[in-house]
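Here's the structure we're looking at; comments come further down.
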Amino acid sequence: MDAFLSGIPQLRRPAALIASCCALVLLATVLLLPRAPPAAPEQLASAAAAVRLDARVERRSGNEVLWQLPATTTPPRAAVFVAPGCTIRATDFFDASPGCPRCAGLPEERRFTREALRRGYAVLAVSSRAECWSLDTGDGSELAAVESIIEWWVKEKHPNQLAGLPLVGIGASSGGYFLSALAARVRFSSIAIMIAEGVFATMEEIPARYPPALFVQMPKDGERAREVAASMGKLRGSRVSVREIQCGEFAVSTQFLAARIPGLTLAVADGLVDVLRRKGFVDEKGFLKNDGRSTPWKKAAEEAKILPEEFRLERHVTEELNLAYAYHEFTSLKNGEIFEWFESHMDHKS
């Protein structure tokens, strides 16, 4: 500072000091502001808003099967298989529509589906038979059933549109374990394993020509982060291309909730954020103190009388709170990087 002042005339030094202090205060203020959620690329693409979700539904081999192809004006460029996590259904990846009136359209799942369709991917989502996926093997297993479902969908249901196209896969939590096992028997160009380390620790050796694997994880879950690192090391040792995307926590805001949950008004979103603050569910910067699943936000919101009658968005709000806490949740905030991974490995020969 002395060197800085020596080059300034005596009369101007107080003004220079004030200006320097103001700049430092401004910088500190910016650095201490709560982190905003990372912008999702599809939020910036106007074309995504035009994508209408309208799934077709069937049941095969005891599994509920939902799918949708891109708009007929553009032939599909690839197909993506989706394995949901425990308690999440294939119906959560699509909005309610004439073809699927039971569809729930959870915020993160529907955003993934919309982005896939916008990019020209045909989407196939399959529900597990039970609450979570089974990893049993054999003719009647879910692994065998889903392998058969994918083959039926590509070769029988839509052979003209899908045969010969690259097939990619994404699975979250239980669905991530399932996908990592399925990729040993189904020919994927690449896969994305979300909030799971996969079943690689149980494999004596990685199957030949295993597809490139992207791990999307939330490092707040330290134990899982270590297991993901071990899985990545084992795959690299077998010369399988791998990459990791980490998802961090961020402050909850009115704008975030209202923008990501269809049907949630700004007024209700603002009331929810206010309840979170008044009840001490968030810290002074707006970061959740606990996972959304263990935060009694709905009871507090009902007591504050901010929820409309017949409020049906409890799962949707909880999911976004889980996402902000960043411990264990499906995320579409990394859609851009996930699809870049898929598209950079379309030439991979499984």
Side-chain angles (χ1 to χ4, degrees), residues 78-86 88 112 124-126 128 130 132-138 141-147 150-151 166-248 326-350:
V80 57
F81 162 72
V82 179
C86 293
I88 304 298
F112 175 85
L124 173 70
V126 180
S128 57
C132 300
W133 289 96
S134 167
L135 297 175
D136 292 341
T137 58
S141 68
E142 279 198 293
L143 285 167
V146 172
E147 181 180 10
I150 292 173
E151 184 175 8
L167 174 67
V168 300
I170 185 169
S173 192
S174 171
Y177 296 109
F178 183 81
L179 176 65
S180 67
L182 184 67
R185 48 197 297 167
V186 173
R187 298 180 63 179
F188 290 102
S189 294
S190 63
I191 58 174
I193 300 171
M194 190 176 290
I195 52 174
E197 70 276 12
V199 297
F200 306 107
T202 65
M203 295 180 178
E204 291 187 10
E205 59 182 28
I206 303 301
R209 300 166 75 184
Y210 195 87
L214 172 68
F215 291 85
V216 184
Q217 62 128 334
M218 296 179 169
K220 183 182 281 187
D221 184 348
E223 181 178 354
R224 195 175 307 279
R226 290 187 290 273
E227 292 170 344
V228 166
S231 292
M232 293 176 67
K234 187 169 185 176
L235 288 168
R236 284 196 186 102
S238 297
R239 297 185 177 181
V240 175
S241 178
V242 295
R243 188 193 158 202
E244 175 189 21
I245 296 174
Q246 294 189 356
C247 307
Y327 185 85
H328 193 82
E329 187 55 78
F330 187 92
T331 178
S332 68
L333 289 174
K334 302 298 182 179
N335 272 351
E337 293 174 74
I338 292 170
F339 283 100
E340 285 171 11
W341 172 262
F342 289 154
E343 288 157 20
S344 67
H345 295 89
M346 290 295 191
D347 294 332
H348 174 79
K349 302 299 182 183
S350 301

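Everything quoted here is computed from the prediction, not taken from an experiment.
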CZ/F178 to CG/L143 distance, rounded to the nearest 0.5 angstrom?
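Atom-to-atom, F178:CZ and L143:CG are 4.5 Å apart.
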Enter the distance from I170:CD1 to N335:CG here, rounded to the nearest 0.5 Å.
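These two atoms lie 7.5 Å from each other.
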Looking only at non-hydrogen atoms, find the nearest pair between [X] and [Y] and report the distance.
X	Y	answer
C247	T331	SG-CG2, 4.0 Å
L179	A192	CD2-O, 3.6 Å
S189	H345	CB-O, 3.6 Å
P211	I191	CG-CG2, 4.2 Å
S180	I193	CB-CD1, 3.9 Å
V126	W133	O-CZ2, 3.2 Å

Going by side chain to side chain donor-acceptor pair (under 3.5 Å), name the residues that satisfy it together with [X], two or more places apart in sequence or in a different chain.
X	value
R236	none
E151	none
R243	E337
E244	Q217, Q246

Before you tell me yes or no, could you show the steps for V146 and L182 under side chain to side chain contact (heavy atoms under 4.5 Å, CB included), namely the whole-Å CA-CA distance, both residues' side-chain angles and the distance that decides it to 0.1 Å?
CA-CA 8 Å; V146 172; L182 184 67; 3.8 Å; yes
From CA spacing to verdict: side chain to side chain contact (heavy atoms under 4.5 Å, CB included), V80, L124
CA-CA 6 Å; V80 57; L124 173 70; over 6 Å; no
Using only atom types and a distance under 3.5 Å, with no angle test, would you say the side chain of [X] pairs donor to acceptor with the backbone of [Y]?
X	Y	result
K234	M203	yes
S190	V168	no
S141	A144	yes

Might you work through the side chain to side chain contact (heavy atoms under 4.5 Å, CB included) test for V242 and L214, ending with a clear yes or no?
CA-CA 6 Å; V242 295; L214 172 68; over 6 Å; no
Can you list the residues that meet the ring pair (Phe, Tyr, Trp, His ring centres under 6.0 Å) rule with Y177, with sequence neighbours excluded?
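Scan of Y177 (ring pair (Phe, Tyr, Trp, His ring centres under 6.0 Å), adjacent residues dropped) gives none.
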Mind checking what makes ring pair (Phe, Tyr, Trp, His ring centres under 6.0 Å) contact with F200, not counting sequence neighbours?
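In terms of ring pair (Phe, Tyr, Trp, His ring centres under 6.0 Å), with neighbours along the sequence ignored, F200 is linked to Y210.
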Decide yes or no on side chain to side chain contact (heavy atoms under 4.5 Å, CB included) for Y327 and I195, but give the supporting numbers first.
CA-CA 9 Å; Y327 185 85; I195 52 174; over 6 Å; no
Kindly write out the residues that satisfy side chain to side chain contact (heavy atoms under 4.5 Å, CB included) with [X], not counting sequence neighbours, or none if the list is empty.
X	result
S238	I206, V240
A130	none
A326	M218, E249

Mind checking what makes disulfide (SG to SG under 2.5 Å) contact with C132, not counting sequence neighbours?
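Disulfide (SG to SG under 2.5 Å) check on C132 returns C86.
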So S173 and M194, do their side chains get closer than 4.5 Å, heavy atoms only?
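Counting from C-beta outward, M194 and S173 never come under 4.5 Å.
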Among residues two or more places apart or on two chains, list those pairs meeting salt bridge (charged side-chain N to carboxylate O under 4.0 Å, His left out) that have a residue in residues 222-231.
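Every salt bridge (charged side-chain N to carboxylate O under 4.0 Å, His left out) pair that includes a residue of residues 222-231, provided the two are not neighbours, is E197-R224, D221-R224.
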Taking the six-membered ring for Trp, are F339 and F112 parallel (under 30°), tilted (30 to 60°) or perpendicular (over 60°)?
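F339 and F112: parallel rings.
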Pairing residues for E343 by the salt bridge (Lys or Arg N to Asp or Glu O under 4.0 Å) criterion, not counting sequence neighbours:
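So E343 forms a salt bridge (Lys or Arg N to Asp or Glu O under 4.0 Å) with R77, R119.
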